[in-house]
Colleague: 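Sharing a structure with you now.
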Number of protein chains: 2
Amino acid sequence: MASQTEENYLKTLFNLANDKNEVNISELAAQMQVSMPTVNSMVKTLQKNDWLIYEKYKPVILTQKGKKEAALIIRKHRLTEMFLVNKMGFGWEEVHEIAEQVEHIHAPKFFERMDEMMGFPTIDPHGSPIPDKQGRIQEINYLTLSKCKAGQTVILAALTNSSTEFLEFLNSRELSLGTELTINSVENYDQSMVATYVGHTSETLSEKVCERLLVRVIG
Amino acid sequence: MASQTEENYLKTLFNLANDKNEVNISELAAQMQVSMPTVNSMVKTLQKNDWLIYEKYKPVILTQKGKKEAALIIRKHRLTEMFLVNKMGFGWEEVHEIAEQVEHIHAPKFFERMDEMMGFPTIDPHGSPIPDKQGRIQEINYLTLSKCKAGQTVILAALTNSSTEFLEFLNSRELSLGTELTINSVENYDQSMVATYVGHTSETLSEKVCERLLVRVIG
DNA sequence: TTATAATGTTAGATTTATCTAACAAAATTG
DNA sequence: CAATTTTGTTAGATAAATCTAACATTATAA
Ligand SMILES: [Mn+2]
Ligand SMILES: [Mn+2]
Ligand SMILES: [Mn+2]
Ligand SMILES: [Mn+2]
């Protein structure tokens, strides 16, 4: 059974994997906030459990087993976040830290009950998909708001970044998942957008913000 | 901040403490299922944090600070057990193992929300008191059913043992907290009792069982 | 009251997860 | 392509939590 530390590495590896499924030691060290030698020794450990493939001086690659293990931890994380928001009244900006701990609880029934109580949700409070019990993730392809054009109407569906600061910014603008926005205009100089949505007329959103908003175009 | 291991030792120390607040190394080792040298080194560590007083060859004694720390972990454990039963539909025999893990979550709000959602319960699903936010425990003095006499009517209020096996035995006899029992007779030979309660006429309860049932006499 | 048993301690080893310093390989750049 | 930078590895150390073997102290009992 994976230790808490190993579980956190697996999750991070899963999230950092590029199109070739590769992760560099330096990236992993940066993300985990540990030194490269620490990562070097950890990937050797993870390899012994067949969770990844490691060859000297090469980026590491999660195996199928490793990907499944990671997805199941992510499942517990996201179910927890959704439970905290939907059943316990937390704000979407408060739940990540708690889920970071709860995801390591070994008690399948605990998470199954959460799932049942919520009616088997498929996304978490930040719009990210919840992997199923087999560790499969449904790929959803949303568009970044910054890719949209003036005149379009979109629905905010997910976020590319869920830091507390960003979530608090969105709270301050009363932007939440499901909000319908109409793009009034796009400023050519800095790519900032002016949008209208429930309760807000001509709200300006910087490019930095628009890049982090994932939307479904509806008109 | 106490590690998970330290938290488990503190909790066990709290529960093992006798009237003089003393705990022997051997008891602690037995309860924690580790060797005596392991306990020996751990109590030295706990002493460095002023959680207990240790002197060579003497039983250890929790300090006020140590008692409070322990009581606050027990609070998290019992709130969790109550939440699992009252809000998530678990049976009282299923919750201890999960609570044993959840009690180590560092997220005051998480437990405060549980507490609020349940309306600030004062006992857990096994009838044990939930320490308050200051770590104070209200002492309740129930009677052991085995101390009662034929003819008396009592209400099942708590248990001295909450092992899964015992809880499953109680389930099989449809005995739960709050059940009103009338003692028909006490067998002189083996101290077994014959009792009547909702749905059960003349149910025989062994001395072993009666010793583990804490009751309030109501007639 | 001495022998024996029970309890507790010390010494030394192991595993896990981390670090720094030094070195090696690979990638980038002038 | 050679110099430099970036990335990755090795070696060796540390702290936490555990173990066994050996020894010491305290308690019990003959
Ligand atoms: Mn999260
Ligand atoms: Mn985590
Ligand atoms: Mn319990
Ligand atoms: Mn525990």
Side-chain angles (χ1 to χ4, degrees), chain A residues 1-14 16-62 66 69-70 73 100-101 103-104 106, chain B residues 1-14 16-62 66 69-70 73 100-101 103-104 106:
Chain A
M1 202 169 55
S3 70
Q4 248 178 250
T5 307
E6 288 170 332
E7 288 189 346
N8 284 332
Y9 275 91
L10 287 171
K11 220 169 39 119
T12 303
L13 279 159
F14 189 97
L16 287 178
N18 61 19
D19 46 343
K20 278 179 237 144
N21 279 319
E22 295 176 340
V23 180
N24 298 318
I25 304 298
S26 58
E27 284 176 82
L28 188 49
Q31 193 65 32
M32 294 295 299
Q33 310 208 65
V34 297
S35 68
M36 284 204 289
T38 298
V39 169
N40 181 270
S41 87
M42 181 53 75
V43 296
K44 288 172 180 171
T45 307
L46 295 173
Q47 188 187 33
K48 281 184 200 124
N49 287 284
D50 291 319
W51 284 317
L52 57 70
I53 292 154
Y54 164 70
E55 285 176 89
K56 253 195 185 186
Y57 296 109
K58 295 236 183 94
V60 296
I61 299 175
L62 277 184
E69 188 80 14
I73 301 157
E100 202 54 55
Q101 298 177 64
E103 69 190 359
H104 303 292
H106 294 292
Chain B
M1 201 169 55
S3 70
Q4 244 175 255
T5 308
E6 288 169 331
E7 289 189 346
N8 284 331
Y9 275 92
L10 287 171
K11 220 170 38 121
T12 302
L13 279 160
F14 189 96
L16 287 179
N18 60 22
D19 46 341
K20 279 180 236 140
N21 278 320
E22 296 176 338
V23 180
N24 297 318
I25 304 298
S26 57
E27 284 176 82
L28 189 49
Q31 192 66 31
M32 294 296 298
Q33 309 208 66
V34 297
S35 68
M36 285 205 288
T38 299
V39 170
N40 181 269
S41 87
M42 181 52 76
V43 296
K44 288 172 181 172
T45 307
L46 295 173
Q47 188 187 33
K48 279 183 202 124
N49 287 286
D50 291 318
W51 283 317
L52 57 70
I53 292 154
Y54 164 69
E55 284 176 89
K56 253 195 185 187
Y57 296 107
K58 295 235 182 99
V60 296
I61 299 174
L62 278 184
E69 187 80 15
I73 302 157
E100 202 54 55
Q101 298 176 64
E103 69 190 0
H104 303 293
H106 294 291

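Chain identifiers are assigned alphabetically (A, B, ...) following the order of the sequence lines, protein sequences preceding nucleic acid strands; residue numbering begins at 1 within each chain.
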Colleague: Carefully, step by step, assess B:T5 and B:M42 under the rule side-chain contact (heavy atoms from CB on, under 4.5 Å).
Modeller: CA-CA 9 Å; B:T5 308; B:M42 181 52 76; 3.9 Å; yes
Colleague: How about A:H104 and B:H104: do any of their side-chain heavy atoms sit closer than 4.5 Å?
Modeller: no
Colleague: Check the distance between D:dA17's P and B:N49's CG and give it to me in whole angstrom.
Modeller: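 From B:N49 CG to D:dA17 P: 10 Å.
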Colleague: Can you list everything that forms a side chain to side chain contact (heavy atoms under 4.5 Å, CB included) with B:K44? Sequence neighbours excluded, please.
Modeller: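 B:K44: side chain to side chain contact (heavy atoms under 4.5 Å, CB included) contacts with B:N40, B:Y54.
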Colleague: Side-chain contact, heavy-atom cut-off 4.5 Å: A:E103 with A:E7?
Modeller: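 Answer no - side chains too far apart.
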Colleague: Just the rounded figure in Å: distance from P of D:dT10 to CE of A:M42.
Modeller: 16 Å
Colleague: Set out, line by line, the N/O atom pairs under 3.5 Å between protein and nucleotides 1-8 of chain D.
Modeller:
| unit_1 | atom_1 | unit_2 | atom_2 | d |
| --- | --- | --- | --- | --- |
| D:dG8 | OP2 | A:S26 | N | 2.6 |
| D:dG8 | OP2 | A:S26 | OG | 3.0 |

Colleague: The side chain of A:P37 lies closest to which of these nucleotides: D:dT18, D:dT9, C:dT18?
Modeller: D:dT9
Colleague: So A:T5, base contact, sugar-phosphate only, or nothing? Heavy-atom distance under 4.0 Å.
Modeller: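 Sugar-phosphate contact only.
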Colleague: With a 4.0 Å limit, can you tell me whether B:T38 has a side-chain N or O closer than that to the phosphate oxygens OP1/OP2 of D:dA17?
Modeller: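 No, no such contact exists.
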Colleague: Using a 4.0 Å heavy-atom cut-off across all strands, classify B:S3 as base, sugar-phosphate, or nothing.
Modeller: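 The answer is sugar-phosphate, as B:S3 gets under 4.0 Å only of primed atoms, P, OP1 or OP2.
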Colleague: Using a 4.5 Å cut-off on heavy atoms from C-beta on, say whether the side chain of B:V23 contacts that of B:L52.
Modeller: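 A side-chain contact is absent here, since even the closest heavy-atom pair is not under 4.5 Å.
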Colleague: Mind calculating the distance between CD (A:E6) and P (C:dT15) to the nearest angstrom?
Modeller: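 The distance from CD of A:E6 to P of C:dT15 comes to 15 Å, rounded to the nearest Å.
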